[in-house]
Amino acid sequence: MDNVTYLANVTHPVQLGILIAIYFFYTGLSAGSFVLSSLGTVFGIEKYKPIAKAGVTMAIALLAIAPLHLIADLEQPGRFYTLFFRLNPTSAISYGTFLLTLYPLNSVIYLWFLMRKDFAAGANQLSGFRQKLYRFLSFGNTDLSPEALAKDAKRAKLLGTLGVPLALLVHGYTGFILANIQARALWHTGLMPLIFLMSAMVSGTGLLILVLLLSQRFFSPERSITPERKKLILDIAQLMLWFIVVDASLMVIDFIVLYYTNAAGRAAAELFLYGSHRTMFLGVEAGLGLFVPFLLLLIPRTKGSLGWISIASFLTLVGVIAMRVNFVIGGQQLPLTGNTLNPYTADPRHLMFIAVFALLELAVLYFAFRFLPVFGLPKTPSAPVNYQGQVGAK
Amino acid sequence: MAAQTKRYAMVIDLRKCVGCNACTVSCKIENQVPEGVFRTWVKEIEKGNYPQITRFRLPRLCNHCDNAPCLAACPVQATYRAEDGTIMIDYDHCIGCKYCMAACPYDARFINPIRKTAEKCTFCYHRVKAGLLPACVTTCVGGARIFGDLNDPESLVAKLVANNPVQVLKPDMSTKPMVFYIGADQDIMGARYGDLEKGERKHG
């Protein structure tokens, strides 16, 4: 091999940075939790029905914040609305604009049909702030007859059925947006949408488990994780085990093929397997994010413990954030014209945006799970069921 | 592509390039390109071991591809093709999403830090419209840059492309670039992943 020394070249810093990676993370969480929510309402698996409302509430809360990352990443954020009418039929982003609008709208209407019964009942039974809120949210439709409820369920099923492909499209699209870029070796594979979808399922399940644990303990009418709830959470955790298996398999296939694609593909694979991205990829994304949770969900001692499952869930979130960063930023670091990695430094403004949006997200999740009837209506203070039961026992 | 009356292209005869960067400077002045970013630049490598050693230069600019990935990627039609084949950016409509920059296999685009939109070489559209040549062509001391209408068989560009062994950058991307090189060395035309692996392994 000839000795080649670069004397002059222009550096080309990475353009799509941390904001885009974190946006992919949020959308993935949303899509994952929506699909889990649909298992009960759309696919009719009875045991998952109790988490249907929690799943959609979470999906909406996440997708309410996710697009803000995209707008913050624009150099001309004030022009973002032109995406809606200056369309380019060959640009993936033009389609994504509408997917990102339709999916949350559909989810909101879907959630309303799931919750209308609670709103209507709450408007009658409760008092104070909640009663006013639920009366408003019922939009005057307080019909609680069995026919009306059956109609709700039917509509919810229809919207949920529409929501599943929308959720898959929204997140498949984020993978597609990268896959469609032939210039970047790491991205340019038909597997990319599937990889993004499966990691969305992994992280969506992970966050849903954490949200369920916290919200059931502190915001549900029972204020506790009842044995049935624990059983369901353990069940969902076992689903997560399988999502991890599929996600990891896709990743292995992707890297084997990538290694033998061409010079750029091999360089990309080596960057992740041997190079400077090794720790983030093999260590954090694959090791901490997939392998450790896999073990925790497999070993009988840990897979039955809510504590260990929380740790596994948290690790999947860390792993999927690492995955988004690795693919979005790492994919652009591989040089197109030079002999050194393209540099990336996170803009402090972008980091600040991420922190603000994360706080906003936590606030939205808090208020949604605190005030919406995600787990049914609070018991009226005058006659708490548990209390009465205890009195009766005495 | 619909039949165009004109199809501007550039031939860069590397046998005549001395690597003086006059093109880089004149482009900066002509197009008021801010500090740190470039519409055209000159890559330079040194190949071999003393005394068997040669320097190779490669002036770089937007390829104004026939199959332009940036044109396909732009979600707001801010990137468009002018009537003479030049790929242009509408700075009033660019939202700065940077998707075109990810899509370009040639690193030709950048964000103008002052205007806050994507930007790249326009083949000096404003000059060409006025009957002048692009600034880099006018200024090239060795006459290495030749600009003209590829659709006109009598133009120098068309003759050079027809009568010389020419290369384009990354033909495997099927972008059909409109910047042709005469005498380009393969080691300077794309990325040098070999160096990367070595460097990466050393540090990794």
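No experiment lies behind these values; they were computed from the predicted model shown. Chain A is the first sequence line, chain B the second, and so forth, proteins listed ahead of strands; every chain is numbered from 1.
Residues A/Arg184 and A/Leu178 fail the side-chain proximity criterion, which asks for heavy atoms closer than 4.5 Å. Residues A/Phe353 and A/Leu68 are not in side-chain contact: their nearest non-hydrogen atoms beyond the backbone lie 4.5 Å or more apart. Between A/Thr27 and A/Phe196, the closest side-chain pair of non-hydrogen atoms is not below 4.5 Å.
For B/Ala73, the part lying near chain A is the backbone, with the side chain staying farther off; criterion is any non-hydrogen pair under 4.5 Å. Looking at B/Arg60, the atoms closer than 4.5 Å to chain A (heavy atoms on both sides) all sit in the side chain, from C-beta outward. Residue A/Ile20 does not touch chain B at all, counting heavy-atom pairs closer than 4.5 Å. For A/Asn262, no part sits under 4.5 Å from any heavy atom of chain B, backbone or side chain. Both the backbone and the side chain of A/Ala264 come within contact range of chain B, judged by heavy atoms closer than 4.5 Å. Proximity to chain B (any heavy atom under 4.5 Å) is shown, for A/Leu7, by both the backbone and the side chain. With a 4.5 angstrom heavy-atom cutoff, A/Thr340 touches chain B only via backbone atoms. For A/Leu336, the parts lying near chain B are the backbone and the side chain together; criterion is any non-hydrogen pair under 4.5 Å.
Using cut-offs of 30° and 60° on the angle between ring planes, the pair A/Phe255 and A/Phe272 is tilted.
If you take CE on B/Met178 and CZ on B/Phe147, they are separated by 12.0 Å, rounding to the nearest 0.5 Å. Note that the NE2 atom of B/His64 and the CG atom of B/Leu71 stand 12.0 Å from one another [nearest 0.5 Å].
Residues B/Arg7 and B/Asp66 are paired through a salt bridge, judged by an N-O separation under 4.0 Å between the basic side chain and the carboxylate.
Per-residue heavy-atom pair counts under 4.5 Å with chain A were compared for B/Lys116, B/Met189, B/Arg109, and the maximum is reached by B/Lys116. The choice from B/Ala72, B/Gly19, B/Pro105 that makes the most heavy-atom pairs within less than 4.5 Å of chain A is B/Ala72. Contacts with chain B were tallied for A/Asn342, A/Leu334, A/Leu70, A/Thr97; A/Leu334 has the most, counting heavy-atom pairs under 4.5 Å. Of the listed residues (B/Leu58, B/Asn21, B/Ile95), the greatest number of heavy-atom pairs within a distance under 4.5 Å of chain A belongs to B/Ile95. The candidate with the highest count of non-hydrogen atom pairs below 4.5 Å against chain B, out of A/Thr82, A/Thr11, A/Thr90, A/Val14, is A/Thr90.
Under the 6.0 Å cut-off for aromatic ring centres, B/Phe110 and B/Phe38 do not qualify, their centroids lying 6.0 Å or more apart.
Seen from the ring of B/Tyr193, A/Arg266 does not count as a face-on cation partner, given the 6.0 Å and 45° thresholds.
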